[in-house]
Every structure is written in structure tokens, then in C-alpha cells.
Amino acid sequence: MDFVEEPFTSDERERLQPHFTNLEGPVFALVDLPEVVKGALFARYSRSPKSLRRLFLDEFASEGTEGSRASVAVGTERAEQLYERVFFEYGDDSVAQLGGVHLAVEQVSQPLAKILEWGRLGAYLEQSTRYIPYDDRPGGRWRFTVPEEVETLPDLAVRYWATLDDAFETYARWLGPLQEHLRAQTPRDPSDSDVVYRLTIRAKACDALRGLLPAATRSNVGIFATAQSYEQLLLRMRASGLTEVREYADLMLVELRKVIPAFLTRVDLPDRGGAWTAYLRKTRAAVATTAEEALHAVVPEDRHEVTLTDFDPDGEVKVVAAALYAVSELPDDQLLDIARKMTADERARVLRAYVGERANRRHRPGRAFERTSYRFDVRCDYGSFRDLQRHRMLTIEWQALSPDHGYEVPSEVEAVGAADDWRGVMERSANLFRAMREAGLQVAAQYGVSMAYRIRFVMEMNAREAMHLIELRTTPQGHPVYRRVAQAMHRLIERQAGHHAIAEAMSFVDHSGGEAGRLEAERRSEARRRP
Ligand SMILES: Cc1cc2nc3c(=O)[nH]c(=O)nc-3n(C[C@H](O)[C@H](O)[C@H](O)COP(=O)(O)OP(=O)(O)OC[C@H]3O[C@@H](n4cnc5c(N)ncnc54)[C@H](O)[C@@H]3O)c2cc1C
């Protein structure tokens, strides 16, 4: 390989060793350094001819204290000074994308979890309400949040506790009988291990019963994001109408400042982050007032579970033109003209070549598929919305959760004889919601709404993301409700948009009932676990 090896003295090598994974080659990772130093080192790339290792030696690692904590401390001080100049004074936001933190945010309600996972440029992992039974009581109470808005109204608080306790008790009471019922329905295949069988049955039962759980149900969320993503997240959280969200923003700021203090100087300064947060809060209030005036007498029309509300009839032709772009020398609009004049067969040939032989769903065609988009209006249960909301490469916006759109009753719940209990929980949840609204809790009223209630949200995505999302969310081990939503999206792309070739390219969409899928998934997991 052709590269210039940089010479370091033995003393320098000793100082570099703890922090650089390689001292000879042109590729190396930075380890055991504060985030701010890593970010500052990269930030210096733009204004210095030196290599990163040389910059470290010259500007961040002081001599005489090599390898010690003190050398890092000196480096940190310098890095923070650099930030103050580059980032804070000149507002160079890209520098704030160079430091990242893993942050654990535990015991958060579902509405808060959705706010934490709003940002596109972050990675999240969340405790599953599908794979973890919510039938234990850590600290002697069921796992749900009691928001401060409720706690300050004693009568309402009593009702809130009673309603949510009852929902969790109903869930815990049916978990055993439902698993028994499912075992009777699907006897164990002798070739399956006990573990595979038990996990399959339990997951199915959790899937069916999670609709009983309220939005206040707690979850743990792990986040890996850059300083800039955290800054944006905190600014949004501080503008929230929910006390829980604002309180968690304060906790997060304290912890993040222990790791990346320099990146987060603006968040709570009144004239910087404060003004930013105020802007978010004011515009949200203003648009709510405007909407109230413009829409107060309008009755919602009925819609299917999934409606394709916008698409480009010319979408496939544009994808064909885009597919040819990178391999030609022609202007974009000329290619579009050519694609329009092609016969359907000629266009299909281009698309077939572009899509190629997809051996699995991870083999995805390129950015030409980003040339056309679909906008779906969806109304499905909150539990499944929570899952679909996890996709980032799209635009998703949702309305407030309420009991107004009705609820789902899974067929397994009917079959095991739990439907009356289910309806009871739903009714009490709706009554609690109304009582909370009457008490003036407009936003916080969502906490008590069961996850089986439907919520309306919009998802707009290009064909490339649609391929990823629909193929992933129709895999047989997925939840039946979001599988149904994703299957409907696929049908609408094909039939309503008339994008037959794009729909056909999504060859890993699974339109089956999916019954055997979960078992298959557990078998695969077990095979992977085996040494
Ligand atoms: C059966 C099933 C079970 C699941 N169980 C859990 C669970 O227990 N807990 C849980 O938290 N989640 C769970 N998920 C959700 C899953 O982890 C993802 O959050 C979700 O699928 C959305 O993310 P994505 O990467 O698939 O797609 P999108 O966010 O839509 O992104 C599309 C693509 O963009 C790229 N991309 C997106 N973000 C990044 C990034 N930060 N860095 C690099 N590339 C990126 C990737 O190629 C990705 O595939 C489950 C999903 C399924 C289908």
C-alpha cells in the first residue's frame, strides 16, 4: 500500500500508544480519550496540515505527564478552549457532530420514549414490550409513570393509580392462561427445544396482551448520538408540555455535561438555547390556536387503516431516469425525457438491471429509488405505532393519543375468553382520559390511554426506505398489526400508485399470515446461540 509512514520518537510512541490503535498505518482509532478531545482533534483537521497523531502530541498531550490522567486533563482543557472559540463563538455546528455519548435513560414513559427517539441522527435501543412480560413489580409497584400533572390533583391521582393498577393486574392475570391456550393451539414440534417453544409462546402472549398496557408503561432506552443530536434533543425536550419530559431533560443535561461539557454550553443559556426552546414552544402554541380556529367545526372523515395520500404518477419513470444518471454523462432533465419516451418494456429492463439479483432483503438498490416518495396516513394501535416510529429515514408525525379512534381486540384474546376483561380495561382507560381532560390535563391525559387504542400518524418515505421498512416490518416474526400496515403499504404502491416495477422489486415483502414465522425466528436464534 502506498502511504507515507510518519516517524515518531520512542518517547512520542509511548505517549501515543494508549490512545491510538495503530502508530504506523494511515488508519487508526482513537481510544481512551475524552469525547471533547477526540472532537477537538478532528476539528483541527480543517485548519492544520498536521496528521492527527502529530496534532495530539503537539497540542493535547503535555510532556512529562505522558500517559497519565494529568496529560488527558491538560488536553481536555485545550480542547474546551478550542470549542469555545470555534463552536460557541463562531457557531460551527459541524464540530458538535464529532463527539458522541452512550446514554442510558431508564424508567421513561412511552410518550417520553417516542420523544427521545425522534431525532434521525441517533441510534436507539429500547426495552421491548413484546419480548419482556410486564408482570413484575419492581419496588412493589407496577411499571408505569405517574406524571407530576396527576400527582398534584389528589382525587385524580387516586383514580389514575387504580385504573393503571387494574390494567397491569389484568395483563398479569391473563399472561399464564393465554400461554396455556397458545400451547394447546400450537403443540411443540418434537424437533424444537423447550427454550424455542417457550420463547415463541411467551412472545405471542406478550404481543397479544400488550394492548392492555397504558402509554404510561415504563421502558429503558439506550441512546448513542453526537453532541449536536443531544443538543437538539434537549432543546426540544425543554419545550415539551409534559413535566416528565422537561425533568428528564434536566437529568440528561447534568449527565451529558460530565462527558461532553464543552458541547452543551448553549442549551440553558437564556439568550441561546433558552431563546431556541421558546421559539419551538411559541410556534407550537400559535399553530395549535390557528388550527383550532380553522378546523374546530370539521368532522373527521372515515379512512382505512392505511391510506396512500400522495404519490407521483410519474414516479417509476423518474426512478428509471435516476438509475441511468450516475452511469451516463447526460443532464438530469434530458435523461427524464429519454425515460419518458421509452416503452414500458425498456423501462422495466433498466429497473431490472438496477435492482439486480437480491439474495436477501439487505441487498437494496441505490439512490435512484429515492427519486419518488409515498405519503401514508395510518391509523393503527399505539403499540404498533411505537414500533413503526423507530424508523428514521423518513418523515413521521403523529397526533395526540386519545380513545377517539377505538381499539383493537386481538383474536387470541377473544379465543382465550379475555375479551370482556379487555373491554373493561379499555372503558376505564377512556373514562380516565376524559376525567384528565376535564381536569385541564390536555397533553398528560395521554398517559392513561391503553396501547390497544388507535393513533393517527403520517409516514412519508422514498421508495428505497419503503423497501427497507415494508420488507422488515412484514417479516413473519413481527407484530401482526404492523405487519398488516406494511402489507397494505405494499399493495397501495402497486395498485393505487401503479408502481408495479417498484413493488415487484420489493421481493422480500411477506404477505403470509405469519403464524409459523415467530417459531422460525426463535429456531434461528437458538441455532446462533449454539456454540
Ligand atoms: C422483529 C423486530 C424486533 C425488534 N425488537 C426491538 C427491540 O427489542 N428493541 C429495540 O430497540 N428495537 C427493536 N426493533 C426495532 C429495530 O431495532 C429498529 O429500531 C427499527 O427496525 C428501525 O431501524 P432501522 O435501522 O431498521 O431502519 P431506519 O431507521 O428506517 O433506517 C434505515 C436504514 O438507514 C440506516 N441507518 C439508520 N440509522 C442509522 C445509524 N444511526 N447509523 C447507521 N445507519 C443507520 C440503516 O441502514 C437502516 O437500515 C425490532 C424490530 C423488529 C423488526
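Note that ligands are numbered from 1 as they come in the structure, with each ligand's atoms numbered from 1 the same way.
The distance between the ring centers of Phe20 and Phe56 falls below 6.0 angstrom. You'll find the ring centres of Tyr407 and Tyr453 inside the 6.0 Å limit.
Shown here is Arg137, whose CZ atom has more than 12 heavy atoms of other residues, nucleotides or ligands within 6.0 Å.
Protein heavy atom closest to atom 46 (C) of ligand 1, with residue, atom name and distance, is Arg364 NH2, 4.8 Å. Distance from atom 8 (O) of ligand 1 to its nearest protein heavy atom, with residue and atom name: Ser128 CB, 3.3 Å. The protein heavy-atom contact nearest to atom 30 (O) of ligand 1 is Glu465 OE2, 2.5 Å. In this structure, the protein non-hydrogen atom closest to atom 2 (C) of ligand 1 is Tyr482 OH, 3.9 Å. Shortest contact from atom 34 (O) of ligand 1 to any protein heavy atom: Met393 CG, 3.6 Å.
A donor-acceptor pair shorter than 3.5 Å can be found between the side chains of Arg218 and Thr145. Between Arg202 and Gln179, the side chains place no donor N or O within less than 3.5 Å of an acceptor N or O (distance only, hydrogens not considered). Of the N and O atoms on the side chains of Ser384 and Asp387, not one donor lies less than 3.5 Å from an acceptor on the other residue.
The aromatic rings of His391 and His468 sit perpendicular, their planes meeting at an angle over 60°, well past the 30° parallel limit. Classification of the Phe457-Phe385 ring pair by plane angle, with boundaries at 30° and 60°, yields tilted.
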Is there a side-chain hydrogen bond (donor to acceptor under 3.5 Å, both in side chains) between Thr226 and Gln97? Walk through the geometry before answering. CA-CA 5 Å; Thr226 66; Gln97 295 162 4; over 6 Å; no

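By heavy-atom distance, the residue among His468, Arg386, Gln389 lying nearest atom 49 (O) of ligand 1 is His468. Counting heavy atoms only, Arg473 comes closest to atom 50 (C) of ligand 1 of the residues Arg473, Glu126, Arg390. Looking at Arg464, Arg120, Arg392, His479, it is Arg392 that brings a heavy atom closest to atom 37 (C) of ligand 1.
The closest approach between a heavy atom of Gly222 and any atom of ligand 1 is not below 4.0 Å. Distances from ligand 1 to the non-hydrogen atoms of Leu125 include at least one value under 4.0 Å.
Distances below 4.0 Å separate heavy atoms of Leu472 from the following atoms of ligand 1: 21 (O), 26 (O), 53 (C).
Pairing each heavy atom of Leu256 with each of Leu234, the nearest pair is CD1-CD1, 4.1 Å. Between Glu80 and Pro261, the shortest heavy-atom contact is OE2-CG, 3.2 Å.
Closer than 4.0 Å to atom 4 (C) of ligand 1 lies none of the heavy atoms of the protein. For atom 22 (C) of ligand 1, the protein comes within 4.0 Å by at least one heavy atom. In this structure, atom 42 (N) of ligand 1 has no protein heavy-atom contact shorter than 4.0 Å.
For ligand 1, the polar-atom distance check finds an N/O of His391 within less than 3.5 Å of one of the ligand's N/O atoms. In terms of polar-atom proximity, Tyr131 is not counted as a contact of ligand 1, lacking any N or O under 3.5 Å from an N or O of the ligand.
Contacts of Gln127 with ligand 1, taken as heavy-atom pairs under 4.0 Å, are absent altogether.
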